[in-house]
J.: 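To start, I am sharing the structure in question, which I have written as structure tokens.
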Amino acid sequence: VNAVDVSRVKILARSIDEYVLIDGEGGCGKSHLIADTVQKRSNNGEKSVLFLGQHFKGQTNPMQEMMQLLGVKDGFDIFLENMNSIGEQEQRRVILFIDALNEGNGKEIWQDYLSGMLEKIKGYKWIGLVMSIRSEYKRHLFKENRCLKEELVLVRHTGFRSISYEAIKKYFTFYNIEYMEIPFENQEFENPLFLRLFCEAYQGERVNLTGIDLKTVYEKYLEKINERISDKCDVNYRYKIVQKTIRAIVSYKFEKNAGNNIIYMDEIIDIVLENQQKYGCRGDLLEELLSEGILTQNILGNGEEYIYV
């Protein structure tokens, strides 16, 4: 198994021999990396096909779902033949991107179907495959597919861990935030999602990072998340549906006297659905909370999913 630095993803994406799986913690920038790569390939005249893991919600073969999502009547094999023909004609590899294998019903379908799909793709010289997955789901993906692990180039995305100082300076300059000192001791700033939302919350302000109150940061952080999710779900932001849902989850945890921060997925669904229905939320509130990194979805050794609060 090859383990490489994320800076090599662009090279890997152009390779005609490798298939890539990017893993990392929630909010570290995996989706942004893939979207940015697709955009740059498009600007260079290179062809890509991008699927989002959240769209694979059924129990059926994901290759069939791909065709349905694209509105293509032909089967997956013919789709690959057409992609390969385009790549050969242009002498440029066509890359199939699948972002967030852990989302939607990914825990079930990719463990069953990814090996078979990869075998099909390997039959075509001019087609590549780049995928992403949250780190804690990678072990489950390979649990029954040890050979699959050897077929992939594994890339660990660590966010801004190695360039946190430069990232903070650039973000703060862009958002017009004055600061007194860079908080190397605060690992939260290594997470691109946290850094962006911090900057959105404190845009145009002056902050003293040596004495920053993280409680205040998270409160403002949640306010911004609430505004974003409320807009997506067509809910008045004044209802504070995000904050109230988080409080309901925390209250449930303490009422249950849980000795850890784990709440099983079925229990979380009941709590979230209650608030979703109460406030007339038209979107999938749970998916939005997961997507924004407010809730962290993990998986136990027995395959059972849970939320880490």
Side-chain angles (χ1 to χ4, degrees), residues 9-10 12-22 30-134 137 140-142 144-145 147-148 151-153 232-234 282-284 286-288 290-291:
V9 170
K10 293 178 182 178
L12 294 170
R14 285 197 281 267
S15 169
I16 62 171
D17 299 317
E18 308 288 2
Y19 307 97
V20 182
L21 178 65
I22 306 166
K30 300 183 296 299
S31 296
H32 180 83
L33 175 65
I34 286 181
D36 187 57
T37 301
V38 171
Q39 182 62 57
K40 288 182 178 178
R41 284 176 53 82
S42 177
N43 294 341
N44 292 331
E46 297 173 291
K47 301 294 191 303
S48 306
V49 181
L50 172 61
F51 292 98
L52 303 180
Q54 65 191 37
H55 292 156
F56 295 91
K57 296 184 178 181
Q59 301 286 343
T60 59
N61 187 325
M63 290 171 273
Q64 295 176 1
E65 284 199 79
M66 288 180 185
M67 299 302 95
Q68 293 172 4
L69 290 168
L70 292 174
V72 175
K73 294 182 179 180
D74 296 325
F76 188 69
D77 291 331
I78 295 178
F79 171 69
L80 292 180
E81 290 177 8
N82 292 335
M83 286 179 62
N84 191 69
S85 296
I86 293 172
E88 184 176 16
Q89 181 179 356
E90 299 184 356
Q91 291 294 293
R92 293 179 174 184
R93 203 176 189 210
V94 179
I95 306 296
L96 176 62
F97 291 88
I98 307 176
D99 182 37
L101 295 180
N102 51 281
E103 294 187 1
N105 196 36
K107 182 177 73 75
E108 305 296 337
I109 60 175
W110 296 117
Q111 187 184 51
D112 294 335
Y113 289 101
L114 184 55
S115 290
M117 187 180 78
L118 181 58
E119 284 302 311
K120 288 178 179 289
I121 292 174
K122 284 168 60 180
Y124 298 93
K125 177 181 177 180
W126 296 99
I127 300 177
L129 177 65
V130 176
M131 305 165 289
S132 73
I133 190 170
R134 191 169 287 189
Y137 279 79
H140 181 73
L141 178 66
F142 295 138
E144 304 295 334
N145 299 284
C147 292
L148 173 63
E151 300 284 348
L152 301 171
V153 173
K232 289 181 180 180
C233 295
D234 196 20
R282 296 184 180 180
D284 190 330
L286 178 58
E287 286 296 330
E288 294 297 339
L290 290 169
S291 177

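All values below were derived from every heavy atom in this structure, side-chain atoms included, with hydrogens, water molecules and symmetry-related copies excluded.
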J.: Considering only heavy atoms from C-beta outward, does the side chain of Tyr124 approach that of Met83 to under 4.5 Å?
T.: no
J.: How about Tyr19 and Glu151: do any of their side-chain heavy atoms sit closer than 4.5 Å?
T.: no
J.: Could you grab the distance from atom CD of Glu88 to atom CD1 of Ile86, nearest 0.5 Å is fine?
T.: 11.5 Å
J.: For residues Ser48 and Val38, report the shortest heavy-atom separation together with the two atoms involved.
T.: CB-CG1, 4.1 Å
J.: Within a strict 4.5 Å, meaning less than it, do heavy atoms of the Met117 and Leu129 side chains meet?
T.: yes
J.: I need the single residue from Leu101, Asn105, Ile109 that forms a side chain to side chain contact (heavy atoms under 4.5 Å, CB included) with Phe56. Which is it?
T.: Ile109
J.: Counting only heavy atoms not in His32 (residues, nucleotides, ligands), do more than 12 fall under 6.0 Å from its NE2?
T.: no
J.: Report the distance from atom NE2 of His140 to atom CD of Gln111, rounding to the nearest 0.5 Å.
T.: 4.0 Å
J.: What verdict does the side-chain contact (heavy atoms from CB on, under 4.5 Å) test give for Asp284 and Glu288, after you've listed the backbone C-alpha separation in whole Å, the side-chain angles of each residue and the deciding distance to 0.1 Å?
T.: CA-CA 6 Å; Asp284 190 330; Glu288 294 297 339; 5.6 Å; no
J.: I'd like to know whether Val130 forms a side-chain contact (heavy atoms from CB on, under 4.5 Å) with Thr37, so could you lay out the CA-CA distance, the side-chain angles of the two residues, the decisive distance to 0.1 Å, and finally the verdict.
T.: CA-CA 10 Å; Val130 176; Thr37 301; over 6 Å; no
J.: Compare all side-chain heavy atoms of Thr60 with those of Glu65 and state whether any distance is below 4.5 angstrom.
T.: yes
J.: Is there a side-chain contact between Met66 and Ile98 in this structure, where contact means two heavy atoms from C-beta onward sitting under 4.5 Å apart?
T.: yes
J.: For the CD atom of Gln54 and the CD atom of Glu287, what is their distance to the nearest 0.5 Å?
T.: 6.5 Å
J.: Can you find a pair of side-chain heavy atoms, one from Glu90 and one from Trp126, that are under 4.5 Å apart?
T.: no
J.: Between Tyr137 and Trp110, is the ring centre distance below 6.0 Å?
T.: no
J.: Could you check whether any side-chain heavy atom of Phe97 comes within less than 4.5 Å of a side-chain heavy atom of Arg41, counting everything from C-beta outward?
T.: yes
J.: Please evaluate residues Phe76 and Asn61 with respect to the criterion side-chain contact (heavy atoms from CB on, under 4.5 Å), reporting the C-alpha separation (whole Å), side-chain torsions for both, the decisive distance (0.1 Å), and the verdict.
T.: CA-CA 10 Å; Phe76 188 69; Asn61 187 325; over 6 Å; no
J.: How many angstroms lie between CD in Glu81 and NZ in Lys120, if you round to the nearest 0.5 Å?
T.: 10.0 Å
J.: State, yes or no, whether a side-chain contact exists between Leu114 and Leu148 at a heavy-atom distance under 4.5 Å.
T.: yes
J.: Could you report the tightest heavy-atom contact between Ala100 and Ser132, atom names first, then the distance?
T.: N-OG, 2.8 Å
J.: Nearest 0.5 Å please: distance from the NZ atom of Lys47 over to the CD1 atom of Ile127.
T.: 13.5 Å
J.: Rounded to the nearest 0.5 Å, how far apart are CD1 of Ile34 and CG of Leu50?
T.: 7.0 Å
J.: Only one of Leu33, Asp99, Val153 passes side chain to side chain contact (heavy atoms under 4.5 Å, CB included) with Ile22; say which it is.
T.: Leu33
J.: Evaluate whether atom CD of Gln91 has more than 12 neighbouring non-hydrogen atoms of other residues, nucleotides or ligands under 6.0 angstrom away.
T.: yes
